[in-house]
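Naming convention: chains lettered A, B, ... in sequence-line order (proteins, then strands); numbering from 1 in each chain.
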2 protein chains.
Amino acid sequence: MAQSKTAKQILDAAEALFAEQGFIETTMRQITKEAGVNLAAINYHFGSKQGLIQSLAEHFLKPFSEYIEQSLIERDALLDSSSLKMDELLELLMRALLHVNQESNHALLMFTRLLELAYLKSQEDLRLFIIGRYGSKLKPYIDLLRKQSALMEDDEFFWRLHFVMGSVIFTLSNYNMLSQIEKSKFDTQAEIERILHRMIPVLSAGMQARGDKLYFSRL
Amino acid sequence: MAQSKTAKQILDAAEALFAEQGFIETTMRQITKEAGVNLAAINYHFGSKQGLIQSLAEHFLKPFSEYIEQSLIERDALLDSSSLKMDELLELLMRALLHVNQESNHALLMFTRLLELAYLKSQEDLRLFIIGRYGSKLKPYIDLLRKQSALMEDDEFFWRLHFVMGSVIFTLSNYNMLSQIEKSKFDTQAEIERILHRMIPVLSAGMQARGDKLYFSRL
DNA sequence: TAATGTTTTAAACAAGTGATTGAATTTGCT
DNA sequence: AGCAAATTCAATCACTTGTTTAAAACATTA
């Protein structure tokens with residue numbers, strides 16, 4: 001058996017709690033209580049709390065990056081670099097995110113928490129782990145995104161990627177809390193889909209916008 | 001007794017540490033050690049750690065919102081709602097952020113941590129405190145932003161504001177860490193200024209982008 | 001069945017957290 | 001100066017964190 005019953009229960013409980021509260025805020029006692037297992041089970045099966053997080057990280061990042069890789073191959077985007085326009089590239093990204101979310105309805109938030117942890121918090125370990133493991137897999141996609149963006153220098157593109165990531169991560173992180181306040185939980189999956197789609201024309205316009213040199217001298 | 005020497009030292013140390021590490025990650029022992037005061041001083045002068053955070057919150061949010069209020073008055077934007085175009089509104093926002101940063105070079109990051117805490121973490125107390133205290137002051141600015149955006153429904157605008165906030169918060173949160181890695185700390189203030197200005201055309205295009213009818217039948 | 005390896009359990013550990021106390025000290029005022 | 005209020009201080013409290021331990025229970029297999 002590749003994965004014991006207890007380990008599976010821990011992963012499920014941790015996924016839900018991490019997605020809802022974040023990694024640091026979630027304690028091992030919460031996880032094990034929710035999972036109905038002993039406190040020591042996490043250390044026994046995953047070595048440490050960090051080990052549990054990394055285990056979950058692979059679980060979500062792998063299908064995500066593979067989905068993007070596969071999509072690019074299917075659509076021959078790697079041969080013809082102009083076959084996919086900006087809107088289509090972004091929609092592909094959104095589809096990849098939703099694909100991750102199909103495994104469980106917490107997956108997307110878990111995924112977001114991971115990036116949040118890797119980029120917002122000073123968690124250099126996890127950050128390097130993610131980049132080293134999935135950076136090369138995602139590079140072709142980034143390259144395509146670059147080609148469909150407005151003409152700009154490397155550092156300008158670098159920062160625009162941050163703007164895009166910020167929008168996605170921030171919005172999805174917030175969605176959880178906002179949905180509780182608005183109590184419009186009738187159809188979470190469809191609602192997330194709608195928000196992600198709202199981003200496409202906005203981010204597309206942003207990436208294609210001409211960088212205005214006027215501002216650099218004005219302030 | 002407007003502010004004792006000890007309280008001032010605590011505020012300075014807390015500002016630097018909070019900006020660098022975040023609120024939860026920074027302990028009272030770190031702050032008091034850095035400030036060269038006794039551990040109990042925080043509770044004596046601010047009641048609690050949360051009291052210290054709220055005190056700092058006011059210290060930064062007040063000049064920020066007042067700067068925006070004042071700028072709108074000076075430029076007669078409240079009388080003529082079309083006097084300021086989208087780019088100018090966003091530049092005004094960036095100027096307000098930089099204005100806050102003039103008091104100290106940690107101010108902008110502190111400011112960002114505050115919004116991060118209020119929006120990303122489930123800190124309902126601070127969230128309501130901020131909205132209740134500064135929401136009404138910033139409403140005129142939001143209204144102007146709305147008027148200069150593409151025609152859209154309320155919820156669409158609501159989410160686009162999130163996209164913008166996400167870009168700003170995420171990018172500024174990241175800047176601190178990235179600048180350490182790139183060790184290009186030659187001129188922090190100018191570098192932040194450059195990044196903020198990079199956002200203007202991107203965010204401007206995003207807010208003015210037409211919502212794609214393919215995804216929404218309502219608009 | 002008996003022995004062996006694996007898993008679960010309750011309890012405790014070590015290290016941290018923010019908050020509180022009461023005595024010592026400093027300060028401000030008449 | 002002297003007294004009262006304000007402030008500082010070391011010590012400690014009550015509590016939480018992730019982790020470890022060693023015995024108990026379970027599972028597997030020879």
Subject >> Shortest non-hydrogen contact from B/Glu34 toward B/Leu17 >> reply: CB-CD1, 4.0 Å

**OP:** Classify the side chain of B/Arg29 and the base of C/dG16 as holding, or not holding, a donor-acceptor pair under 3.5 Å.
**Re:** no

**OP:** Quick one: label A/Thr26 by what it contacts on the DNA or RNA (base, sugar-phosphate, nothing), any heavy atom closer than 4.0 Å.
**Re:** sugar-phosphate

Interatomic distance where [atom1] belongs to [X] and [atom2] belongs to [N] [whole Å]:
{"X": "B/Gln30", "N": "C/dA15", "atom1": "CD", "atom2": "P", "result": "18 Å"}
{"X": "B/Lys33", "N": "C/dT17", "atom1": "NZ", "atom2": "P", "result": "12 Å"}
{"X": "B/Ile31", "N": "C/dG16", "atom1": "CD1", "atom2": "C1'", "result": "15 Å"}
{"X": "B/Phe46", "N": "C/dA19", "atom1": "CZ", "atom2": "P", "result": "13 Å"}
{"X": "A/Leu17", "N": "D/dG18", "atom1": "CG", "atom2": "P", "result": "12 Å"}
{"X": "B/Lys49", "N": "D/dT16", "atom1": "NZ", "atom2": "C1'", "result": "14 Å"}
{"X": "B/Glu25", "N": "C/dT17", "atom1": "CD", "atom2": "C1'", "result": "14 Å"}
{"X": "B/Asn43", "N": "C/dT21", "atom1": "CG", "atom2": "C1'", "result": "12 Å"}

Original post:
If only side-chain N and O atoms of B/His45 are considered, is one of them under 4.0 Å from the OP1 or OP2 phosphate oxygen of D/dA6?
Top reply: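 Answer is no, no contact under 4.0 Å.
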
Original post:
Cationic tip of B/Arg127 within the cone over B/Tyr119's six-membered ring, i.e. under 6.0 Å and within 45° of the normal?
Top reply: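 Flagged: B/Arg127 positioned over aromatic ring of B/Tyr119.
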
**OP:** May I ask you to establish whether B/Arg146 and B/Phe157 are in a cation-pi arrangement, using a distance under 6.0 Å from NZ or CZ to the six-membered ring centre and at most 45° from the ring axis?
**Re:** yes

Original post:
Residues from residues 35-42 of chain B sitting under 4.0 Å of DNA chain D, heavy atoms only?
Top reply: B/Asn38, B/Ala40

Original post:
Closest to the A/Tyr44 side chain: D/dA6, C/dA19, C/dT8?
Top reply: C/dT8

Subject >> A/Thr6, nearest nucleotide to its side chain (from C/dT17, D/dT19, C/dT8) >> reply: C/dT8

Original post:
Run the side chain to side chain contact (heavy atoms under 4.5 Å, CB included) check on B/Phe170 and A/Leu115 step by step: do they pass?
Top reply: CA-CA 11 Å; B/Phe170 180 83; A/Leu115 294 177; over 6 Å; no

**OP:** Answer yes if the ring centres of A/Phe23 and A/Phe18 are under 6.0 angstrom apart, and no otherwise.
**Re:**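 Distance test on ring centres: under 6.0 Å, yes.
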
Original post:
Of A/His162, A/Glu156, A/Arg160, which meets side chain to side chain contact (heavy atoms under 4.5 Å, CB included) against B/Arg198?
Top reply: A/Glu156

**OP:** Return the orientation label for the A/Tyr175 and B/Trp159 ring planes: parallel under 30°, perpendicular over 60°, tilted otherwise.
**Re:** tilted

